[in-house]
Amino acid sequence: MAKSIQAIRGMNDILPEQTPYWQHVENSFRQLMQSYGYQEIRMPIVESTALFKRSIGEVTDIVEKEMYTFEDRNGDSLTLRPEGTASCVRAAMQHGLLHNQIQRLWYSGPMFRHERPQKGRYRQFHQFGVEAFGLAGPDVDAELILMSNRLWQKLGMSDDVSLELNSLGSAETRQQYRKILVEYFSAHEAELDDDSKRRLQTNPLRILDSKNPEMQKLNENAPKLIDHLDAESKQDFEVLCNVLNDAGVSYKINPRLVRGLDYYSKTVFEWVTDKLGTQGTICAGGRFDGLVEQLGGKATPAIGFALGLERLIELLEIPEDVQHENNLNVYLVLMGEKALSKGLPLAEQWRNEILGLKLQVNCGGGSIKSQMKKADKSGAGLAFILGDDELEKNIITVKFLREKKEQEMIELSQITDYLKKNIGLIGS
RNA sequence: GUGGCUGUAGCUCAGCUGGUAGAGUCCCGGAUUGUGAUUCCGGUCGUCGCGGGUUCAAGCCCCGUCAGCCACCCCA
């Protein structure tokens with residue numbers, strides 16, 4: 001036997017046992033987007049490397065050490081997308097969607113980052129993303145947060161997540177604040193840990209994010225971004241908070257919430273959970289007013305968020321009825337060759353006549369005992385038995401697999417009506 | 001990328017201070033003729049993650065490697 005090939009590290013198969021959870025989340029999300037008038041956009045998984053370098057930022061970890069970058073046959077540098085926003089902006093720009101227009105868009109799909117895999121962190125992972133273009137806020141900011149809040153409600157996981165908010169200010173004020181912060185930390189350089197010393201050079205705002213308890217005191221005394229906001233950012237942030245208050249959405253202002261991608265500005269937020277260990281952010285986003293211009297377009301205000309499906313599904317418990325909604329209605333047991341040649345066409349006929357009927361025909365023969373076992377395992381509510389006896393009398397034997405009820409014999413001609421009555425489906 | 005823990009049948013796991021592997025489950029067959037999920041009986045399945053080494057002898061010890069988990073880091 002040849003040596004078997006395994007999946008690439010950090011890239012997971014999603015098995016039939018798990019797919020109902022994915023489908024449930026995907027369906028809920030799609031409905032949610034429709035209910036807010038957002039439209040789906042689909043982008044390629046591979047983009048020019050330059051796109052991510054210019055948007056996410058040259059010195060971020062994602063770009064520096066986590067991208068799947070390769071040369072194609074033409075010698076062009078391509079990259080498996082590590083996130084969706086850059087692609088979405090590129091696509092919208094390229095097709096003129098941003099030309100004096102408002103766009104409310106969503107997408108979903110796999111993203112790729114070469115990190116060390118851990119629970120809730122994979123090399124291929126899946127995100128839903130939402131982006132709104134052409135609106136300066138803070139009204140859309142609130143809309144996006146309310147929208148995400150509604151998703152948790154829909155999925156019954158509101159108790160598992162909490163909202164953290166901050167404002168990074170405009171690009172200019174962030175630049176100024178950055179200087180103030182660098183001065184502060186430089187004055188205390190001896191107290192910085194190694195990571196923070198490194199960040200002082202590369203991305204000083206991230207020092208605030210440190211999990212090192214020894215850094216906590218230093219961080220608490222650090223100048224706060226929120227005290228250095230420009231008037232407009234401050235005003236917008238207040239409005240946003242007011243809307244959330246009125247809508248009854250609770251939140252915590254986290255002055256140390258900064259986000260790792262360079263393009264964020266003004267409003268930023270995260271939905272976090274304490275149930276997932278260290279990978280506790282399940283949804284995060286913020287405003288990126290400078291990005292479109294940075295990628296060569298006309299200055300366009302924008303905001304978006306992304307949520308991680310693997311993490312979300314980890315938290316998800318789906319209700320019984322949803323769990324069973326893919327179950328078969330009927331498993332058709334066929335005894336003998338005559339039944340076989342009659343049974344498959346019958347099944348076709350029933351599927352034609354009854355919209356949404358979930359019916360599986362036994363394949364591969366077997367004794368009635370083994371066929372009944374398969375019927376049970378299939379999850380079907382009813383077993384239909386078709387054998388020589390039934391053929392002779394033009395009937396089907398119907399056995400109830402999930403309830404205590406005597407089995408019944410039904411005339412072939414009555415089966416369609418019988419099914420409609422018994423499984424609550426309507427004719428086509 | 002750094003550190004720690006783990007890796008035995010498809011799945012969940014046992015295997016004492018080294019002596020060439022077991023349980024439950026799953027699957028298949030049977031318990032009077034065409035009836036599942038319960039019960040009883042029988043059966044199939046492993047180069048003990050992979051590669052080296054130590055030893056008369058290794059699943060148990062050592063080294064390497066791959067994979068998973070946890071923390072750091074990063075982030076959804």
Side-chain angles (χ1 to χ4, degrees), chain A residues 1 3-4 6-12 15 17 56 60-67 82-85 108-130 148 161 193-196 198-199 202-203 206 209-213 257-261 264 269-273 276-286 304-315 331 333-336 339 362 366-390 397-404 406-407:
Chain A
M1 246 213 286
K3 206 168 186 180
S4 62
Q6 294 181 42
I8 304 303
R9 170 129 109 137
M11 305 206 179
N12 302 124
L15 301 177
E17 199 186 338
I56 298 170
T60 56
D61 277 34
I62 293 180
V63 170
E64 275 187 333
K65 40 196 180 190
E66 295 177 0
M67 294 206 301
E83 59 112 36
T85 301
S108 78
M111 308 292 164
F112 302 85
R113 281 156 30 186
H114 192 105
E115 300 179 273
R116 180 128 166 197
Q118 212 175 305
K119 194 189 280 299
R121 181 176 56 173
Y122 307 103
R123 290 184 175 176
Q124 176 176 336
F125 61 102
H126 298 79
Q127 289 188 334
F128 287 135
V130 178
S148 49
V161 294
D193 61 16
D194 290 347
D195 280 324
S196 299
R198 181 174 51 79
R199 288 178 185 132
T202 56
N203 195 344
R206 287 208 66 83
D209 229 4
S210 174
K211 281 183 200 166
N212 186 347
L257 176 62
V258 292
R259 321 270 35 259
L261 285 63
Y264 286 112
F269 63 96
E270 280 188 10
W271 288 94
V272 297
T273 176
L276 251 36
T278 180
Q279 309 299 332
T281 303
I282 83 165
C283 172
F305 69 76
L307 61 91
L309 289 237
E310 281 83 358
R311 291 180 187 180
L312 192 155
I313 284 165
E314 194 80 31
L315 286 180
Y331 190 93
V333 171
L334 298 176
M335 298 293 297
N362 183 78
S367 65
I368 187 159
K369 192 184 173 89
S370 71
Q371 292 198 41
M372 288 305 294
K373 271 191 179 178
K374 286 181 192 155
D376 182 46
K377 220 188 134 198
S378 77
L382 302 176
F384 278 16
I385 301 166
L386 183 63
D388 292 342
D389 293 357
E390 285 81 4
T397 300
V398 178
K399 169 141 185 170
F400 298 87
L401 297 171
R402 314 291 154 198
E403 47 195 316
K404 282 207 168 141
E406 281 296 303
Q407 65 183 35

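Residue numbering restarts at 1 for every chain, and letters A, B, ... go by the order of the sequence lines.
Note on A:Q118: a side-chain N or O is less than 4.0 Å away from OP1 or OP2 of B:A71. Between B:C75 and A:R121, no contact under 4.0 Å exists linking OP1 or OP2 to a side-chain N or O.
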Below 3.5 Å is the cut-off: list the nitrogen or oxygen pairs between protein and nucleotides 37-40 of chain B, distance only.
from	atom 1	to	atom 2	distance (Å)
B:A37	O4'	A:D376	OD2	2.8

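You'll find the side chain of A:Q124 stays beyond 4.5 Å of the side chain of A:N12, heavy atoms only.
Closest contact between the side chain of A:E115 and the listed nucleotides B:C74, B:A67, B:G36 involves B:C74. Side-chain atoms of A:K399 lie closest to B:G36 of the nucleotides B:A76, B:C74, B:G36. For A:R113, counting side-chain heavy atoms from C-beta on, the closest listed nucleotide (B:C70, B:A76, B:U35) is B:A76.
Heavy-atom contacts from other residues, nucleotides or ligands closer than 6.0 Å to CD of A:E403 number more than 12.
Comparing the P positions of B:C40 and B:A23 gives a spacing of 16 Å, expressed to the nearest Å. As rounded to the nearest Å, B:G29 and B:C70 have P atoms that lie 41 Å from one another. Rounded to whole Å, the separation between the C1' atoms of B:U55 and B:C63 comes to 16 Å. B:U20 sits 10 Å from B:G59 when the C1' atoms are compared, rounded to a whole Å.
Mapping A:I385 and A:L309 onto RNA chain B by nearest heavy atom places A:I385 closer to the 5' end of the strand.
In this entry the distance linking CG of A:D388 with P of B:U33 reads 17 Å, nearest Å. The nearest whole Å value for the distance from the CD atom in A:E406 to the P atom in B:U35 is 15 Å.
The base-pairing partner of B:C72, taking Watson-Crick or G-U wobble contacts with both distances under 3.5 Å, is B:G1. Searching all strands for a Watson-Crick or G-U wobble partner of B:G42 with both distances below 3.5 Å returns B:C28. Base pairing annotation: B:A67 forms a Watson-Crick or G-U wobble pair with B:U6, both donor-acceptor distances under 3.5 Å.
Counting atom types as modelled, A:R116 pairs a side-chain N or O with a base atom of B:G3 as donor and acceptor under 3.5 Å. Under 3.5 Å, the side chain of A:Q371 and the base of B:U35 form no donor-acceptor pair of N or O atoms.
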